[in-house]
Trainee: 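Pasting in a structure now, in structure tokens, and then I'll have a few things to ask.
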2 protein chains.
Amino acid sequence: MPWDVTHKTKSKEKILICAAKLFVEKGFDAVGINDVMKSANMTRGAFYAHFKSKADLYNQALVVAAFKARENITHGCDQGFASLQHNYLQQGQDPALKDNQQCPIALLISDIRQREPLVRETYEKVFKGFVKFIESQGLTEAEALKEAATMIGAVALSESLTDKNLVEKLLVACQR
Amino acid sequence: MPWDVTHKTKSKEKILICAAKLFVEKGFDAVGINDVMKSANMTRGAFYAHFKSKADLYNQALVVAAFKARENITHGCDQGFASLQHNYLQQGQDPALKDNQQCPIALLISDIRQREPLVRETYEKVFKGFVKFIESQGLTEAEALKEAATMIGAVALSESLTDKNLVEKLLVACQR
DNA sequence: GTCTATAGCACGATAGAC
DNA sequence: GTCTATCGTGCTATAGAC
């Protein structure tokens with residue numbers, strides 16, 4: 001593989017990983033192409049050699065975010081649903097893991113409504129994958145859907161509320 | 001009360017009610033002052049006679065949205081938590097009620113992270129009021145927090161997912 | 001492929017007529 | 001108080017040098 005192809009691939013990967021973090025943290029509108037490229041140590045102009053538009057980047061970054069978040073949350077998690085639930089609910093709480101990828105399903109849950117159909121399809125696939133994964137821990141589809149709603153709602157709320165005490169009570173209450 | 005004071009009050013109320021609908025539906029960034037004023041049958045210039053900034057409008061509209069949504073959801077709901085839960089989960093499903101105010105806690109759940117501290121405080125107060133209201137139906141604080149997370153997560157998801165069948169299954173699964 | 005520079009547009013906010 | 005007109009700014013996207 002020639003050097004320039006590797007270089008291009010590495011640049012694109014770097015952009016995607018930076019974009020995944022930024023978009024999940026701030027949403028589509030609050031993140032400019034400039035912010036993403038700066039975060040990846042490049043300038044605006046280089047962006048369009050890799051992506052055809054900002055929406056294209058968002059769509060691909062969503063997949064990367066989902067993959068990385070799953071890695072993050074299921075890392076060392078072999079003890080069934082209770083362990084998964086605990087790791088998911090605590091994803092934003094451990095300061096040591098503060099720069100890890102958080103779950104795009106929860107953090108982009110209202111952002112996604114304003115996006116184009118292709119992006120919404122991607123989001124929906126990610127959500128369905130999450131539900132299937134919960135089912136694989138021994139839950140029925142209905143149980144998995146309800147547990148997913150609770151976990152996603154709790155994590156989304158935990159990022160939107162500022163009262164640390166309330167957030168702690170909320171996460172404990174959802175843990176069962 | 002002189003005519004012009006009444007007129008001003010009515011204009012402001014109209015702007016607030018239109019803004020509450022638009023912001024809850026689309027979020028802060030996707031709604032321009034122009035959109036709000038057009039929806040209220042006025043022009044951009046008149047806006048600053050009533051509000052000092054777009055953020056000021058958003059903050060006040062959030063309170064109006066919470067009040068109207070509560071009216072909408074608790075309307076004819078005297079049968080305890082099960083009835084509240086049913087009405088809350090179905091708020092976006094009945095096409096006849098499609099233009100009613102939906103719950104800002106659920107629909108602005110990720111939008112609110114990017115707003116200024118004053119707005120986030122307002123959101124937090126609204127959320128705490130919602131939890132207290134659930135508690136008043138005979139639940140403990142922990143139970144109320146968990147039920148709130150499930151309901152809010154389910155409604156937020158139901159607006160973000162496009163598969164009607166999946167949404168229906170999700171809402172039924174959360175109904176108990 | 002990456003850079004600098006800029007076109008083109010949309011938005012928030014202000015100024016001044018009525 | 002409401003209107004029209006405008007300034008200033010920030011953004012996406014493109015053009016052209018290297």
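To find a chain, count down the sequence lines: A is the first, B the second, and so on, and within it residues start at 1.
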Trainee: Using atom NZ of Lys52(A) as one end and atom P of dT12(D) as the other, report the distance to the nearest whole Å.
Mentor: 15 Å

Trainee: Counting any heavy atom closer than 4.0 Å, what does Val36(B) reach on the DNA or RNA strands: base, sugar-phosphate only, or nothing?
Mentor: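 No contact.
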
Trainee: If you check the Arg44(B) side chain, which of dT6(D), dT12(D), dC3(C) turns out closest?
Mentor: dT6(D)

Trainee: Answer yes when Asp163(A) and Lys128(B) have at least one side-chain N-carboxylate O distance shorter than 4.0 Å, and no when they do not.
Mentor: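 A salt bridge links Asp163(A) with Lys128(B).
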
Trainee: Of the nucleotides dA13(C), dC3(C), dC3(D), which one has an atom closest to the side chain of Ile33(B)?
Mentor: dA13(C)

Trainee: Round to the nearest Å and state the distance from Lys38(B) atom NZ to dC11(C) atom C1'.
Mentor: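 So the NZ-C1' distance, Lys38(B) to dC11(C), works out to 12 Å.
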
Trainee: Which nucleotide wins on minimum distance to the side chain of Thr43(A), given the candidates dA13(C), dT12(D), dC3(C)?
Mentor: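 Nearest nucleotide to the side chain: dC3(C).
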
Trainee: Check the surroundings of atom NZ in Lys54(A): do more than 12 heavy atoms from other residues, nucleotides or ligands lie under 6.0 Å from it?
Mentor: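 Counting other residues, nucleotides and ligands, NZ of Lys54(A) exceeds 12 neighbours.
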
Trainee: Quick one: does Asp35(B)'s side chain have a donor or acceptor within less than 3.5 Å of a partner on Val31(B)'s backbone?
Mentor: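 Not at all, since once roles are kept as given, no pair shorter than 3.5 Å links the two residues.
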
Trainee: Expressed as a whole number of angstroms, how long is the span from Asp29(B):CG to dC11(D):C1'?
Mentor: 12 Å

Trainee: Check the distance between dA10(C)'s P and Asp35(B)'s CG and give it to me in whole angstrom.
Mentor: 12 Å

Trainee: Is it the case that Ser110(B) and Asp111(A) place a side-chain donor and acceptor less than 3.5 Å from each other?
Mentor: no

Trainee: Rounded to whole Å, please give me the gap between OH in Tyr48(A) and P in dC11(D).
Mentor: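 About 12 Å, once rounded to whole Å.
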
Trainee: Nearest whole angstrom, please: distance from the P of dG1(D) to the CZ of Phe51(B).
Mentor: 12 Å

Trainee: Which nucleotide in the list dT6(D), dG1(D), dT2(C) gets nearest to the side chain of Ala46(A)?
Mentor: dT2(C)

Trainee: Pick the nucleotide of DNA chain D nearest each of Lys54(A) and Gly45(B); which residue has the one closer to the 5' end?
Mentor: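 First, find each residue's nearest nucleotide; the 5'-ward one identifies Gly45(B).
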
Trainee: What nucleotide, of dC3(D), dT2(C), dT6(C), holds the atom closest to the side chain of Ser11(A)?
Mentor: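 Nearest to the side chain of Ser11(A) among the choices is dT2(C).
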
Trainee: Tell me which nucleotide among dA13(D), dG1(D), dT2(C) gets nearest to the side chain of His50(A).
Mentor: dT2(C)

Trainee: With Phe47(B), which residues qualify under ring-ring contact (aromatic ring centres under 6.0 Å, His included), at least two apart?
Mentor: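 Phe47(B) satisfies ring-ring contact (aromatic ring centres under 6.0 Å, His included) with Phe51(B) once adjacent residues are dropped.
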
Trainee: Roughly how many Å is it from NZ in Lys10(A) to C1' in dT2(C), rounded to a whole number?
Mentor: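 Computing the Lys10(A):NZ to dT2(C):C1' distance gives 18 Å.
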
Trainee: Rounded to whole angstroms, how far apart are CZ on Phe47(A) and P on dT2(C)?
Mentor: 13 Å

